[in-house]
Structure formats: structure tokens, C-alpha cells
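Note that the coordinates shown come from a computational prediction; the quantities given were computed from them, not determined experimentally. All ligand and atom numbering here is 1-based and tracks the order in the structure. Along the sequence shown, the residues carry numbers beginning at 1.
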Amino acid sequence: MEKILVIGAAGQLGSELTKSLSDLYGGEQVIATDLNESARSKFDYCKFEVLDIMDKEAARKLVKSENVKQIYHLAAVLSATGEKNPLFAWDLNMDSLLFVLEIAKEFKLDKVYWPSSIAVFGPNTPKVNTPQYCVKEPNTVYGISKQAGERWCEYYFQKFNVDVRSLRYPGLIGYKSLPGGGTTDYAVDIYHKALAGEKFNCFLREDSYLPMMYMPDAIKATLDLMHAPTDTVKIRSSYNLSSMSFAPKEIYQSILKHIPDFQIEYKPDFRQAIADSWPDSIDDSHATKDWGWQPEYDLDKMTEDILKNLPNYKF
Ligand code: NAD
Ligand code: SER
């Protein structure tokens, strides 16, 4: 059985992906790690260790002592937070990825997963149905770090045979954790405000279209990619991935069908420029062709699921 290390496990993606990995492989095979001891309570179904991935000695020791064979490296500073401290975001996002790739080479790990993002695209990218291969030129530090990270992933695959796999996630929407500093996180927060009976102040314009994805689809895509036979994974930078695309006015309309007195106000801030630099929608035909990707959720199905389950969810 493969020991799996999840780095940054307590975040939006990690909280759900770590559970799915434990369900699949068994909790004793999965080691969830994150910065703070306070995250331990989330992981009563698998092992948990406090780990700052920038503490390379501690990370190397853990990989060796636990005989880790797969790493899911999820720790990163996201787009909006990254703009507040660009050099810190660059250091964490790049340095940690390079370290994980080096570890994978040194310990001959079986597989590495590292998420990229629609943030690799920039203002000169075709906006609609954005292809896998096109002009990128990201203009956020987060996007620059993801684009450089993709090049490093492909490099380690080609030069050192590191089996690293990656997806360019759209904005991820889940209800099991709170927003983590991303531009797309308005679409997480809006459900919390709607259920609390509060008016929602949206930091994007009502017509600001972005590619989005419900968390169960993101988890399915991740596991589908990680379980795909090696020779079917043709792209070693990162795959475009898509399920839905909507603007704030449409998620608002979708919620109104269930909560008719919900109110919204639009107050665009610095995150609007970030959203404007990203695609409206994504062409993910390579993922469909290479390893059979098919999403399950559209906007209304996601809204229904979140509004049904969030009120009973214990944080
Ligand atoms: P998040 O901010 O919710 O979680 C990141 C986790 O990493 C946090 O629990 C944080 O404590 C941890 N972390 C931060 N610094 C660390 C360090 N030095 N050592 C160990 N852990 C550290 O982010 P998320 O939304 O879960 O995103 C996870 C990954 O997916 C990131 O690489 C992100 O770029 C990528 N991604 C996310 C989205 C999205 O919409 N959420 C979209 C595209 C890509
Ligand atoms: N959803 C992320 C963000 O907004 C993009 O990866 O930062």
C-alpha cells in the first residue's frame, strides 16, 4: 500500500481531497499535514502532522520515516492574498514546489500531484473557450508562480522521469471550509451569507464571468487524473479543466430560487482587475480525450446541494 502525504491539507481543497484519499486508500495510509496544530481536529480519520513545507529538514525526515510514495502538494498563497505580499507568495509557491519535485526525484516517489489554476492565463489570452495552448502572460504573482510551476513540472517529468500530474482548476466552490483568499471565493462566501439571512457585498461586477467548479467535480477530476495509466497522461505541464462558467448575477439568481428575499450589492474592488485578466470559459477537450474527464454539476445542481447540506455542516 502506498503512503500518501498531503501538504496544505487543511485548506478548501485539502479538507475534501484528504477525506476522499482516506476513503480510497485507508486512513492509516494518508498523512495530512498543515501549518498549525489547530488543523488536527479536522483529521480524526487519518494521520495528522504539523508541517511547514518551508522547513525542508522536517519535510524530508517525514517523507523518509513514513516511506511516503505519493505527495499531493496543495499549500500555496492564492491570487488575492498573493497581491498583498508578492515576494512571500512567490517564495512559498515556487520554493515549495521545487523542493517537492526534488524530493520526488531523490526518493523516487511514485507520483506527485500539484494544482495549477486558470490564473496562468492573462489579459492577452483568448477569453472564451480558452484553449490548452495559447498566449498566457499572467499578471498576478499567483499566476506567474503557477505558470513557472507548470514549466518546472514538465521539466522534472522530461529530465528526471518524475511522474507529476496537474490540473488548471477553475474557481473551486465547496461548503466544507471557508474561503482561502482567492478571487473566485466570492462564490463560496455568497452561500454562507444567503443562509445567514445577510445581504451579500460582492467584490466583483455583476457581469464578471469566470470558470468555476463544484468541489466534488474537482475531487473526481483529481483522482481520475492520478489513477489514469501513465501513458494516457499526455500533458505534464497542467491540464485545462472545466465544468461551468457564470457571473455573480447568475449565482445570485440561482440562490434566489431557494431564498427569495436574499439581497446582493456589487462593490468591485482590486479583485475585479484580477478577474478581468482571467478567461470567461475554458476548453478542456484534452482532459476529456486523454483520460475521459466529464463533470457532473452545473450551477443549479451545485446551489441545491450546498443549500441543502451547508446548514447541517459542523466546522
Ligand atoms: P487554501 O488557502 O484554502 O489552503 C491552503 C492550505 O495550505 C492552508 O490550509 C494553509 O494553512 C496551508 N499552508 C500555507 N502555507 C503552508 C506551509 N508553508 N506549509 C504547509 N501548509 C501551508 O487553498 P485551497 O483553495 O485549498 O488551494 C489548494 C491548492 O489548489 C493551491 O495550490 C491553489 O493554488 C490551488 N487552486 C485552488 C483553487 C481554488 O479556487 N480554491 C483554484 C485553482 C487552484
Ligand atoms: N480560485 C483561485 C483564486 O481565485 C484561482 O486559482 O485565487
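Geometrically, Lys42 does not engage Phe48 in a cation-pi contact defined by less than 6.0 Å to the ring centre and at most 45° from the axis.
Under 4.0 angstrom from ligand 2, there are no non-hydrogen atoms of Tyr186. Of the heavy atoms in Tyr142, only side-chain atoms (C-beta onward) come closer than 4.0 Å to ligand 2.
Note on ring orientation: taking the six-membered ring where Trp is involved, the planes of Tyr155 and Trp152 are perpendicular (angle over 60°, cut-offs 30° and 60°).
For the pairing with Tyr72, the side chain to side chain contact (heavy atoms under 4.5 Å, CB included) check across Leu21, Leu5, Val100, Ile7 returns one residue only, Leu21. Paired with Tyr214 under the rule side chain to side chain contact (heavy atoms under 4.5 Å, CB included), one option of Glu296, Met244, Lys301 passes, and it is Met244.
By the 4.0 Å N-to-carboxylate-O rule, Lys19 lies too far from Glu16 to be salt-bridged with it. A salt bridge is absent between Glu83 and Arg271: the closest approach of a Lys/Arg side-chain nitrogen to an acidic carboxylate oxygen does not fall below 4.0 angstrom. With salt bridges taken as basic N to acidic carboxylate O contacts below 4.0 Å, one links Asp163 and Arg165.
Closer than 4.0 angstrom to ligand 1 lie heavy atoms from Gly8, Ala10, Gly11, Gln12, Leu13, Asp34, Leu35, Leu51, Asp52, Ile53, Leu74, Ala75, Ala76, Leu78, Leu92, Pro115, Ser116, Ser117, Tyr142, Lys146, Tyr169, Pro170, Gly171, Leu172, Gly180, Thr184.
Of all protein heavy atoms, the one closest to atom 7 (O) of ligand 2 is Ser79 OG, 2.6 Å.
Summarising the geometry of Tyr186 relative to Cys202, their closest heavy-atom pair is CD1-SG, 3.9 Å, with the distance given to 0.1 Å.
Within the set Leu172, Thr184, Thr140, the minimum heavy-atom distance to atom 1 (N) of ligand 2 is found for Thr184.
The atoms of ligand 2 that sit less than 4.0 Å from any heavy atom of Ser117 are 5 (C), 6 (O). Residue contact check: Thr183 has heavy atoms under 4.0 Å from atoms 3 (C), 4 (O), 7 (O) of ligand 2.
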(message) Show, in sequence, the C-alpha distance, side-chain angles and deciding distance for Thr303 and Tyr191, and conclude whether the side chain to side chain donor-acceptor pair (under 3.5 Å) test is met.
(response) CA-CA 8 Å; Thr303 296; Tyr191 290 105; 2.8 Å; yes
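Not a single heavy atom of Tyr169 sits closer than 4.0 Å to an atom of ligand 2.
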